[in-house]
There are 2 protein chains.
Amino acid sequence: MNKKNLMTLADIAKLANVSTSTASRALRNNPVIKQATRDLVQGLAKEHNFKVNVTASKLRTQKTNTIAVVVMLERKSGQVISDPFLMEILGTIADELTKFGYDMLLTTTKTATHDWYSYYYESKRADGLIIIGQGEHDQRVESLASTKLPFVVWGTEIHENSYTTIGSDNRKGGFLAVQHLIQQGCKRIAFLGDINHNEVEQRWLGYQDALKEANLPIEHGLQIKTDFTSNDGYSKLRDHLLIEDQGIDGIFAVSDAIALGASKYLFEQKIEVPQKIAIIGFDDIAMSEFCSPSLSTIKQNTAAGGRLLVKILLNKINQQPVKSQLLDVEVVQRQSSRR
Amino acid sequence: MNKKNLMTLADIAKLANVSTSTASRALRNNPVIKQATRDLVQGLAKEHNFKVNVTASKLRTQKTNTIAVVVMLERKSGQVISDPFLMEILGTIADELTKFGYDMLLTTTKTATHDWYSYYYESKRADGLIIIGQGEHDQRVESLASTKLPFVVWGTEIHENSYTTIGSDNRKGGFLAVQHLIQQGCKRIAFLGDINHNEVEQRWLGYQDALKEANLPIEHGLQIKTDFTSNDGYSKLRDHLLIEDQGIDGIFAVSDAIALGASKYLFEQKIEVPQKIAIIGFDDIAMSEFCSPSLSTIKQNTAAGGRLLVKILLNKINQQPVKSQLLDVEVVQRQSSRR
DNA sequence: GATATTAATGCAATCGATTGCAAGTTGTTT
DNA sequence: AAACAACTTGCAATCGATTGCATTAATATC
């Protein structure tokens, strides 16, 4: 027993009358050790509630069995993450990692160090990295690609082969959203989102695809740069889209949060949704079903996404070849666009 | 340089022509080392981008500089966390911990081990534990109290001195919410929540306090056990509160998520909010401001809560005396209760 | 100039588990 | 009975940084 009277492997070994090497192997069920010895050691370990000191183990094996997850937050647009979408995917990742015996280290970009390679890999905090949200063309992610740190990004594939990304088929999502609005009879559809985000850019391309397909004009005046918050959805609609003048009849917001903000403004202005203006969001967060009118949206499969992120990263850590993947999306029609 | 050609302290020492002991002290700015030597070593470290191996450091110092955060999820009521409230407090904790140089290990209760003391403390994964949400009188938390693991709980103080909790003044919150409804003219106010949760129980006591103060009867038929989801808020209202029969004119929901679910049902039934029924929630999640009608609620100060959790835990780790604390709450009046 | 102080640095043990290699046992084959 | 193979186990080094104690160098004191 050491000073803090926590059992150590040596203690167990002594109790079992074997060497620490044998004890170690026995505990890990190494078949080279006689079954009887294994049983003995494992029994003693359980009896004395012995737990391997993972720190010592990490040092010796040079594996941390830990994955770091970085959530990219907007530094400017506000302190907290309001987007429930993040929480959902985070929850899945956490559960999936524990399933594979990995611990999960969580950081946001707000206060954390910027040199992820040094901080996590060189200093041996984690075996790999999951980055959620590429944000606005972030340089840090780009520069990781040249290091030995295995990592995966939730987002959109940008530079072929530069690094591995998992994400929804954003372009298709944008397309489906707008196609849906057009099917509901919309002719002049506004776009709310910030195309400096890679994912949003894709959704925006999808928006254009759908307009082109329907032979509708692409009007730049209807495309409003909007942050990922309800607040901005609200105020951009108020300040930049002069509803009457522009005569828009549909809104595609690149997140449900934005869409809810926009809805609020429409409600206040007593503009009927969906009769006068139909609206659709993106994400399918839990709240969307419960606002009034309920919000149509593009559903992202967060559970599948979280699982895939983990799987791909672990494969990468084990030197297996991996490639970027797109997850399918689908339209969820609710009241805000049904007419 | 070792095999993986990462710099090690010994390498730096060699470059600087000093012993590893000196190098170590120099790096950590130990004043016993001559300033010139310190500069030399630190310069070389920076130049060669050397980072201490935290694993080795942890092993030697017996400190992990890591805090584990456990998010208690309902195992039954569904897989994902829909409550944005959790994400907000989690974000604050993450940022606050990095500020103090700690890493944050995140787990949910869904898949994780149950013996937190063994898993985190005995195996040296973390120096302390933050538990978010006591859930339904959980036994695991209770049993931690007798171990050496320093931990803090977000929730409500239950057994005096048994362990340290930080949380909102839930009883006052419940009181304020219902008092507010009464001031708006409500006489028969329903309660939606599951009082098996410690926090909810407090809010429920506050509900009763307010009714008593106003000399209104406490009707058990108006108190409906409801899970922390919009879904359940919706269906419990539909199935158990026969609006016309009971003639309720106010609803206090113990979370905004529940309140939104309830609102949806009222909206569908074309029951006017707040004229016919006023409604108030709890939490003040970001969405509450953006539904229609916007949701009145009791605001919890998550930022202060997160900061306090970290501060108290670190104090505890440093053997300083700490005590449980209540955070103040306030009414945020919006459309759902303004009449 | 000799000794007492103080300032800097180095030696070597330590944290606890893992593992290559050697050594000891037991069993098999001829 | 010798020779060899197959099992089991132990020795001792290792992972990389930290730190108590000893030692050397520099400065002060008489």
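Lettering follows sequence order; numbering is per chain, from 1.
- Using a 4.0 Å cut-off, some side-chain N or O of Q62(B) falls inside it from OP1 or OP2 of dG16(C).
- Regarding K63(A), its NZ atom lies at a distance of 17 Å from the C1' atom of dT19(C), rounded to whole Å.
- Relative orientation of the H197(B) and F228(B) rings is perpendicular, given thresholds of 30° and 60° on the angle between their planes.
- Remark: K46(A) fails to qualify as a cation-pi partner of F50(A) under the 6.0 Å distance and 45° angle criteria applied to the six-membered ring.
- For the pair L27(B) CG and dG16(D) C1', the interatomic distance rounds to 13 Å; values are reported in whole Å.
- Note on the helix from dG1(C)-dC30(D) to dT30(C)-dA1(D): terminal axis deviation equals 50°, with five pairs used at each end and the result rounded to 10°.
- S118(A) and E122(A) share a donor-acceptor pair across their side chains, judged by distance under 3.5 Å alone.
- At whole-Å resolution of the value, NZ in K51(B) and C1' in dA17(D) are 16 Å apart.
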Write down the protein N/O and nucleotide N/O pairs, taken from nucleotides 4-9 of chain C, whose separation is under 3.5 Å; answer none if there are no such pairs.
{"unit_1": "dT9(C)", "atom_1": "OP1", "unit_2": "T37(B)", "atom_2": "OG1", "d": "2.8"}
{"unit_1": "dT9(C)", "atom_1": "OP2", "unit_2": "K34(B)", "atom_2": "N", "d": "3.1"}
{"unit_1": "dT9(C)", "atom_1": "OP2", "unit_2": "T37(B)", "atom_2": "OG1", "d": "3.1"}

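- Closest to the side chain of S21(B), from the set dA12(C), dC15(C), dA17(C), is dA12(C).
- Set against dT18(C), dT19(D), dC11(D), the side chain of R28(B) has dT19(D) as its closest nucleotide.
- OP1 or OP2 of dA17(C) has at least one side-chain nitrogen or oxygen of T8(A) nearer than 4.0 Å.
- One interatomic measurement links the two molecules: CG of L9(B) to P of dT18(D), which rounds to 7 Å at whole-angstrom precision.
- Spacing between atom CG of L59(B) and atom P of dC15(C) amounts to 9 Å, rounded to whole angstrom units.
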If you look only at distance, which donor and acceptor atoms sit under 3.5 Å apart when one is on a side chain in residues 38-45 of chain B and the other is two or more places apart or in another chain?
{"unit_1": "R38(B)", "atom_1": "NE", "unit_2": "I33(B)", "atom_2": "O", "d": "3.0"}
{"unit_1": "R38(B)", "atom_1": "NH1", "unit_2": "N29(B)", "atom_2": "OD1", "d": "3.0"}
{"unit_1": "R38(B)", "atom_1": "NH2", "unit_2": "I33(B)", "atom_2": "O", "d": "3.3"}
{"unit_1": "R38(B)", "atom_1": "NH2", "unit_2": "Q35(B)", "atom_2": "OE1", "d": "3.4"}
{"unit_1": "D39(B)", "atom_1": "OD1", "unit_2": "Q35(B)", "atom_2": "NE2", "d": "3.0"}
{"unit_1": "Q42(B)", "atom_1": "NE2", "unit_2": "A26(B)", "atom_2": "O", "d": "2.9"}

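- In this model, no donor atom of one side chain and acceptor atom of the other lie less than 3.5 Å apart for D103(B) and Y120(A).
- For R60(A), counting side-chain heavy atoms from C-beta on, the closest listed nucleotide (dG16(D), dA17(C), dA12(C)) is dA17(C).
- Taking atom NZ on K14(A) and atom P on dG10(D), their separation rounds to 14 Å, with Å as the unit.
- Applying the 4.0 Å criterion to OP1 and OP2 of dT18(C), one finds that S57(A) has a side-chain N or O inside that range.
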